[in-house]
There are 2 protein chains.
Amino acid sequence: MTTKTAEHSKVRDGRSTREAILEAASRLIRVHGYNHTSLDDVLRESGVGKGNFYYHFKSKEDLGYAILDQIIGSFLERTLEPCFADPDEHALAQVQCFLDRLLEAQRASNCVGGCPLGNLAAELSDVHEGFRGRLTSVFAAWRERLTLALRSAQSRGTVDRSCQPEAVADFLVASLEGAILLTKLTKDIAVMEQCVAEMKRYLSLFEPRV
Amino acid sequence: MTTKTAEHSKVRDGRSTREAILEAASRLIRVHGYNHTSLDDVLRESGVGKGNFYYHFKSKEDLGYAILDQIIGSFLERTLEPCFADPDEHALAQVQCFLDRLLEAQRASNCVGGCPLGNLAAELSDVHEGFRGRLTSVFAAWRERLTLALRSAQSRGTVDRSCQPEAVADFLVASLEGAILLTKLTKDIAVMEQCVAEMKRYLSLFEPRV
DNA sequence: TTTTCTGTACCGACTGGTCAGTACACGTGA
DNA sequence: TCACGTGTACTGACCAGTCGGTACAGAAAA
């Protein structure tokens, strides 16, 4: 009874097989981790057969890289960059907008799943050089984006000279990752809220001195 | 007739079988995670047979709890408490001493392994309620210790009124966990150093106003 | 037009290996 | 004798990955 209305397969619920696999896998991996998510689970969730999976992906590792690339792309383009789009906005306001965005994301996820990038970093940094390399690059890009905003604000006098952009950026990234982790652990969004509030207080150190 | 504890068990390189298992397992789990560390690996590393393992532990989960208890005890008694032992020392100095201690631990571990508690929190928070409960307790105790120091300093006037001890404690714990994670990812101790330096700068916000 | 060929998309049984956990025998000391 | 420690062989579930084969579309050949 298979209707042939839709063009031959390649389409499954309106998206490609590859997309169905990626969607199911990234959802499962976010909760169970990379190693503890079995291919069979991904296949069951996505409704894709095993042969078909290996038609689209070389290996489980290949799938892992594809997911990582997808997460990275989405984070950089849809979460990080939009906050820094307007070059005339105050740098500290841009950073605060970004903090609020991540807080909102935690609220939306009901404190489940944590940060996909942080999770993979914790799980694989010491055991998979390939993943570690890619993860290092995203965090470097993230840090770079913050550093850039702070440095240019500094040259315009809207951020104090006492601010060392690289150190502040590192610290903000670390604090955010830690806050998301503690929020996932305690299942209490108040932890994230308090941490974001303290980050804003910390940032107030760098308002230009009068 | 007196006690039936591990004192009876044979001694293996100067320690009990149970201790040998715990030592090997916590070392492996720190790097490979709980789920991805196989019992056979632990047995091979500790030189203990399988029957013997199941004589001393009910299950792999039981071993996990034992390791967790050991990590927790060691952290609270040997890392956290010593920094806050002297009730007359300045609270901010106590916290700084603690930060330096964690920085030194990262240096000593060559940026490998990260924080055992943070790793387990990242891996298991969403999939194992038992582990999550115990991990939540340690982090609560850690936070509590910082809160206490700050609050009593506040009442003595050595920490500013603007400091909200719970929020500051949460933020410090989160920042430390994040800093350790990023250090493990980048394999660069400078990340940890910068983060600790920024934490100290943040703490300077709470020196009493003159 | 009809048939045949070819490449893409797909299926699920199977393989070799690993996992946590069990069964049981052996030795030793009280 | 008998309970405590211990070693080893085993069990069944599960894992990533392979394999033989099917379905079907469009192009080429008839």
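Lettering follows sequence order; numbering is per chain, from 1. Every heavy atom of this structure was used, including side-chain atoms; hydrogens, water molecules and symmetry mates were not.
When rounded to the nearest whole Å, the span between NE2 of His32(B) and P of dT18(C) equals 15 Å. Note: CG (Asn52(B)) to P (dG27(C)) measures 16 Å, nearest angstrom. Atom CZ of Phe53(A) and atom P of dT18(D) are 11 Å apart (whole Å). If you measure from atom CZ of Arg18(A) to atom P of dT8(C), you get 16 Å, rounded to the nearest angstrom.
Applying the ring pair (Phe, Tyr, Trp, His ring centres under 6.0 Å) criterion to Phe131(B), with sequence neighbours excluded, gives Tyr34(B), Tyr65(B), His128(B).
Both Lys58(A) and Tyr55(B) lie close to DNA chain D; mapped to their nearest nucleotides by heavy-atom distance, the more 5′-ward contact belongs to Tyr55(B).
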Filtered N/O pairs between nucleotides 12-16 of chain D and protein, under 3.5 Å:
from    : atom 1 : to       : atom 2 : distance (Å)
dC15(D) : OP1    : Ser38(A) : OG     : 3.4
dA16(D) : OP1    : Leu39(A) : N      : 3.3
dA16(D) : OP1    : Lys60(A) : NZ     : 3.1
dA16(D) : OP2    : Leu39(A) : N      : 2.8
dA16(D) : N7     : Lys50(A) : NZ     : 3.3

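A distance of 4.0 Å separates CG in Leu185(B) from OG in Ser125(A), rounded to the nearest 0.5 Å. How far OG of Ser137(B) is from CG of Leu76(B): 10.5 Å, rounded to the nearest 0.5 Å.
The pair Arg27(B)-Asp41(B) does not meet the salt-bridge criterion, since no charged nitrogen lies less than 4.0 angstrom from a carboxylate oxygen.
Contact check, Thr17(A) against dC10(C): a side-chain N or O comes under 4.0 Å of OP1 or OP2. Distances shown here put a side-chain N or O of His56(A) below 4.0 Å from the OP1 or OP2 atom of dC10(C).
Within the structure, every pair that satisfies the ring-ring contact (aromatic ring centres under 6.0 Å, His included) test and touches residues 95-115 of chain B, not counting sequence neighbours, is listed here: Phe98(B)-Trp142(B).
The shortest distance between side-chain heavy atoms of Ile189(B) and Leu103(B) falls below 4.5 Å.
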